[in-house]
Novice: 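The structure that follows is given in the form of structure tokens.
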Amino acid sequence: MAMNFWEAQREAKSKTAWYLTVFFILTITTAVLAELAMRTFAADGYQGEFPYIGLAFLTIILGAAGFNYMNYLQAGGSYVAESVGAQLVERDTMNPKERQLLNIVEEIALATSLPVPPVYILEAQEINAFAAGTSYDNAAITVTRGCLMALKRDELQGVLAHEFGHIYNRDMLIGMRVAAMIMGFFIVSYIGLRMLQGLSYTSRRDDEDRKGGNPIAAVAVIFLLAGTIMWFFGSILQAMVSRQREFLADASSVQFTRNPDGIANALRKIQHYNISDMPKSGQAFSHLYFNEHTSFWQRLFASHPPIEERIAAIEGGKYTDLTDLSMRSTQRPSPPQS
């Protein structure tokens, strides 16, 4: 059934909110289960009504998440672009392709009422692009040289509008918050592992530690298992959130350009492009840019939906509002409030 881009955006945002709610519920549930496990398996050495283990679990996760999130906030989009080796496109460039790139970025910035972000080019032949940053003011857009050379103007416009969609909808901020929580789960499991390693030395001198009933050993096992399980399921939820934001960015691209063919044709070219030469130094930021996955496990943890699904949604009219397209409205959208 046809759906205009407003409804598609509401659907994507609704699914994102649902996934984040599940994420929060799983975190609280795991903390409760950790507390119950401690009371069950180390009852002799763990007494009292105050839920120390459950609160310690949440404190470590939230503390680690907050620390990592603050670090993420300090790194703007330009830092990310330069980290993968991209070069800034100077405003006075005389290169025709680079000039066209800047013109398109300025056009979309005008259409979205967003600041004109700095634009970077990554010397890779693969067709790819990504937006990075934590706010409208420090966002930056990076495109590969292959993106400039292989795409027509309307296709490049569709790709850039997609990246503006990420900036407009604050997808990067959402992604960084979830990533910070995932890091918190990893820290919990790491603490549990280190505690077990420490106990392996002391238990050689204490037979009671090997017989069980040691509350520290119970805490270590609970932290290791709970942190690992939450890291696993949290990573899946993180990928699900990211995939919904990709659909949302596609809908935004159609909204901003009023041209579904631009982004659809660009995706089709990406689908059949065999070159894959994104720099290995950018693996830490690989979730920002497109990477096709084929196996079940790759798709389960993929940050981008399969290209064929995205093309089908665009060409199937999911993001097309025929009334708006026929009117070619010049009204500019207002960026969402913080």
Side-chain angles (χ1 to χ4, degrees), residues 3-17 19 77 80-81 101 104-120 127-143 147 151 154-176 178 240-267 270 285 287-290 303-305 307 309-311 313-315 317-321 324-325 329 331-338:
M3 178 188 300
N4 65 37
F5 43 69
W6 304 113
E7 292 173 353
Q9 288 175 12
R10 282 193 292 269
E11 178 185 295
K13 290 178 180 179
S14 176
K15 288 184 177 180
T16 297
Y19 293 147
V80 175
L101 173 64
I104 295 174
V105 168
E106 291 171 358
E107 290 171 6
I108 302 174
L110 182 64
T112 57
S113 298
L114 292 175
V116 179
V119 184
Y120 289 79
I127 302 177
N128 225 318
F130 64 87
T134 56
S135 69
Y136 298 145
D137 294 326
N138 72 5
I141 291 178
T142 300
V143 300
C147 197
L151 300 183
D154 64 327
E155 296 167 348
L156 181 60
Q157 184 184 52
V159 169
L160 291 170
H162 173 97
E163 301 307 330
F164 263 93
H166 285 307
I167 299 173
Y168 181 86
N169 294 302
R170 296 183 180 273
D171 294 342
M172 298 162 291
L173 205 57
I174 293 174
M176 287 180 177
V178 177
M240 294 171 72
V241 169
S242 179
R243 290 195 291 269
Q244 285 305 312
R245 306 313 284 189
E246 289 301 318
F247 284 123
L248 178 58
D250 285 343
S252 298
S253 177
V254 175
Q255 175 193 353
F256 299 152
T257 64
R258 298 299 197 274
N259 178 20
D261 292 336
I263 182 65
N265 290 335
L267 287 172
I270 293 173
F285 308 108
H287 62 286
L288 296 175
Y289 48 79
F290 173 79
S303 60
H304 287 60
I307 286 185
E309 291 184 15
R310 296 172 62 184
I311 295 175
I314 296 168
E315 294 190 334
K318 183 175 181 179
Y319 308 138
T320 303
D321 187 323
D324 283 356
L325 286 174
S329 172
Q331 182 178 0
R332 289 183 289 170
S334 299
Q337 297 299 314
S338 326

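Position 1 is the first residue of the sequence; numbering continues from there.
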Novice: Which atom names give the shortest non-hydrogen contact between Y136 and I167, and what distance separates them?
Specialist: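 Heavy atoms only, the tightest pair is CE2-O, 3.1 Å.
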Novice: For A140, give me all partners under side-chain contact (heavy atoms from CB on, under 4.5 Å), at least two apart in sequence or on another chain.
Specialist: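 side-chain contact (heavy atoms from CB on, under 4.5 Å) check on A140 returns S78, P118, Y120.
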Novice: Let me confirm one number: the CD1-CG distance from I270 to N128, rounded to the nearest 0.5 Å.
Specialist: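 I270 atom CD1 to N128 atom CG measures 6.5 Å (nearest 0.5 Å).
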Novice: Sequence neighbours left out, what passes side-chain contact (heavy atoms from CB on, under 4.5 Å) with E107? Give chain and number order.
Specialist: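 E107: side-chain contact (heavy atoms from CB on, under 4.5 Å) contacts with R153, Q157.
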Novice: Looking at every heavy atom in both P305 and R310, which two are closest together, and how far apart are they?
Specialist: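 Heavy atoms only, the tightest pair is O-CD, 3.9 Å.
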Novice: Nearest 0.5 Å, what's the CD1-CG distance between I314 and D250?
Specialist: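 Between I314 CD1 and D250 CG, I get 4.5 Å after rounding to 0.5 Å.
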Novice: Can you tell me how far the CD atom of E106 sits from the CG atom of L160, to the nearest 0.5 Å?
Specialist: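 Going from the CD atom of E106 to the CG atom of L160 covers 12.0 Å.
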Novice: Looking at every non-hydrogen atom in both residues, tell me the closest pair between G165 and D171 and how far apart they are.
Specialist: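 It is O-OD2, 4.1 Å.
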Novice: Check salt bridge (Lys or Arg N to Asp or Glu O under 4.0 Å) between E309 and all other residues, then give those that pass, not counting sequence neighbours.
Specialist: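 Per chain and number, E309 pairs via salt bridge (Lys or Arg N to Asp or Glu O under 4.0 Å) with no residue.
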Novice: Say you draw a straight line from CD1 of I311 to CD1 of I307; how long is it, rounded to the nearest 0.5 Å?
Specialist: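 One finds 6.0 Å between CD1 of I311 and CD1 of I307.
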Novice: Of all heavy-atom pairs between P115 and A109, which one has the smallest distance, and what is that distance?
Specialist: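 The pair with the smallest heavy-atom distance is O-CB, 4.2 Å.
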Novice: Would a 4.5 Å heavy-atom cut-off, applied to side chains only, mark H166 and E163 as touching?
Specialist: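 Answer yes - side chains close enough.
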Novice: Of all heavy-atom pairs between A81 and T142, which one has the smallest distance, and what is that distance?
Specialist: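 Looking at all heavy atoms of both residues, the shortest contact is CB-OG1, 3.3 Å.
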Novice: I263 versus T257: any side-chain heavy-atom pair under 4.5 Å?
Specialist: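 No, too far: nothing below the 4.5 Å cut-off.
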Novice: Any side-chain to backbone donor/acceptor pair from S253 onto G158? Under 3.5 Å, distance only.
Specialist: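 Checking the backbone N and O of G158 against the side chain of S253, a donor-acceptor pair under 3.5 Å is found.
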Novice: Taking the side chain as every heavy atom from C-beta outward, state whether R245 and L248 have any pair of such atoms under 4.5 Å apart.
Specialist: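 Yes, at least one pair of side-chain atoms sits under 4.5 Å.
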Novice: Distance from M240 atom CE to S303 atom OG, nearest 0.5 Å?
Specialist: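 Answer rounded to 0.5 Å: 14.0 Å.
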Novice: Does any non-hydrogen side-chain atom of V159 lie less than 4.5 Å from one of V143?
Specialist: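 With C-beta onward as the side chain, the pair stays apart.
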Novice: Hey, what do you get for CD (E315) to CG (D261), rounding to the nearest 0.5 Å?
Specialist: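 Going from the CD atom of E315 to the CG atom of D261 covers 7.5 Å.
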Novice: Which heavy atom of Y168 sits nearest to which heavy atom of F256, and what is that distance?
Specialist: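 Smallest interatomic distance, heavy atoms only, reads CG-CZ, 3.8 Å.
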Novice: Please tell me if the side chains of I104 and I108 come closer than 4.5 Å, counting only heavy atoms from C-beta onward.
Specialist: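 Side chain of I104 against side chain of I108, heavy atoms only: contact under 4.5 Å found.
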